[in-house]
Amino acid sequence: MVMKGRVIPRDFYRKDPLLVARRLLGQLLVRLWKDVRISGIIVEVEAYYGSEDPASRASRGGTLAKVMAGECGRALVYGVHGQWLLNVVAHEPGEVGAVLIRALEPLEGIEMMMENRRVRDIRSLTSGPGRLTRALVVDKSFNGKPLYTRNYGLWIEWGCEIRDELIVRSHRVGVREDLNEPMRLYVKDNPFVSRP
DNA sequence: CGCCAGATTGACT
DNA sequence: GTCAATCTGGCGG
């Protein structure tokens, strides 16, 4: 792709969360940590909406809802079950939404990730929302930070295009009450997709 | 402040 | 496959 290697601009995220989720597959999540580029290809995502979405934390109000209603392209980081989960705020103007990044295929800085995660098997490095934040050293301090600039050491850049035939759509993982529409997307047969 | 559910993980049968 | 440790944020007192 022509744009490969460039940071994805803010306007990319000003769309319906499911559409943004689809377009995020194949792009690169990059973390600059200790002068080392740690990155991975996004291979699994989930779309979340506002008050109409029973699985969304935004439907319960509070700080998270505010961030999800705020500026697109910013990180939304919050804790569940002792893990930090990384989302990108994404929605149409006046709406509420975000995309959860659930799994990466490790690309650069793999040794650094291994150090951060202390695992033997490379397949468990970044195959889960809590795992990838540990591997890339992402925590609450990134909450609200823009991901459309390199300024904060965490951003998303153009990677590769993934054909429609390679994309699987399913219901979201770990939610009590899901929407009728499946909101989870992942790359078919990719070994780094989290366990269903 | 205490309570508790939850967009999870890793260890174990 | 099962199961409990984990800890933040929302909410009630």
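Please read these numbers as outputs of a predicted model, since none were measured by experiment. Proteins get letters first, then strands, A, B, ... in listed order; numbering begins at 1 in each.
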Original post:
Counting only side-chain N and O atoms of A:R102, is one of them less than 4.0 Å from OP1 or OP2 of B:dT8?
Top reply: yes
Original post:
Given atom NE2 of A:H81 and atom P of C:dC7, what is their separation to the nearest angstrom?
Top reply: 13 Å
**OP:** Could you state the atom-to-atom distance from NE2 of A:H171 to P of B:dA7 in whole Å?
**Re:** 16 Å
Original post:
Expressed in whole Å, how much space separates the C1' atoms belonging to B:dA7 and C:dG1?
Top reply: 23 Å
**OP:** Check the hydrophobic clustering (I, L, V, M, F, W, Y; side-chain heavy atoms under 4.5 Å; chains of links allowed) and say if A:L29 and A:L24 are grouped together.
**Re:** yes
**OP:** Answer whether the closest heavy-atom distance between the side chains of A:M113 and A:L136 falls below 4.5 Å.
**Re:** yes
Original post:
Quick one: A:D178 CG to B:dG6 P, roughly how many Å, whole number?
Top reply: 14 Å
Original post:
Do the side-chain N or O atoms of A:S56 get closer than 4.0 angstrom to the phosphate oxygens (OP1, OP2) of B:dA7?
Top reply: no
Original post:
Under 5.5 Å between ring centres and under 30° between planes: true for A:Y78 and the base of C:dG9?
Top reply: no
**OP:** Ignoring backbone atoms, establish whether A:K140 has a side-chain N or O less than 4.0 Å from OP1 or OP2 of C:dG9.
**Re:** yes
**OP:** Could you check whether A:Q83 gets within reach of a base, just the sugar-phosphate, or nothing at all, counting any heavy atom under 4.0 Å?
**Re:** base
Original post:
Does A:R117 reach the main-chain N or O of A:R134 with its side chain, forming a donor-acceptor pair under 3.5 Å?
Top reply: no
**OP:** Output yes when A:R172 and A:D53 qualify as a salt bridge under the 4.0 Å nitrogen-oxygen rule, no when they do not.
**Re:** yes
Original post:
Does A:R131 make a side-chain N or O approach to OP1 or OP2 of B:dG10 shorter than 4.0 Å?
Top reply: yes
Original post:
Could you state the CG-C1' distance from A:D121 to B:dG10, rounded to the nearest angstrom?
Top reply: 13 Å
Original post:
Considering only C:dT8, B:dT9, C:dG10, which nucleotide approaches the side chain of A:R195 most closely?
Top reply: B:dT9
**OP:** Tell me whether A:L85 is reachable from A:I42 by hopping between hydrophobic residues (I, L, V, M, F, W, Y) whose side-chain heavy atoms are closer than 4.5 Å.
**Re:** no
Subject >> Whole-Å distance separating the CZ atom of A:R57 from the C1' atom of B:dA7 >> reply: 8 Å
**OP:** Go through DNA chain C and write down every stem, that is, every run of at least three consecutive Watson-Crick or G-U wobble pairs with distances under 3.5 Å, as range with range.
**Re:** B:1-6 with C:7-12, B:8-12 with C:1-5
Original post:
How is A:R117 classified with respect to the nucleic acid when contacts are heavy atoms under 4.0 Å: base, sugar-phosphate, or nothing?
Top reply: sugar-phosphate
Original post:
Looking for any heavy atom pair under 4.0 Å, which part of the strands does A:V80 touch: base, sugar-phosphate only, or nothing?
Top reply: base
**OP:** Please state how far atom CG in A:L64 lies from atom P in B:dA5, giving the value in whole angstrom units.
**Re:** 18 Å
Original post:
What nucleic acid atoms does A:S194 come within less than 4.0 Å of, heavy atoms only: base, sugar-phosphate, or nothing?
Top reply: nothing
Subject >> A:L76 CG - C:dT8 C1' separation (whole Å) >> reply: 13 Å
**OP:** Report the distance from atom CZ of A:R123 to atom C1' of B:dG10, rounded to the nearest whole Å.
**Re:** 16 Å
Original post:
Would you call A:E92 and A:R14 a salt bridge, using N to O less than 4.0 angstrom?
Top reply: no
**OP:** Find out whether A:L18 and A:Y49 are in side-chain contact, i.e. whether some heavy atom of one side chain is under 4.5 Å from a heavy atom of the other.
**Re:** yes
Subject >> Partner of A:F12 by ring-ring contact (aromatic ring centres under 6.0 Å, His included), out of A:W158, A:Y148, A:W155 >> reply: A:W158
Original post:
So what does A:R172 touch, heavy atoms closer than 4.0 Å: a base, only the sugar-phosphate, or nothing?
Top reply: nothing
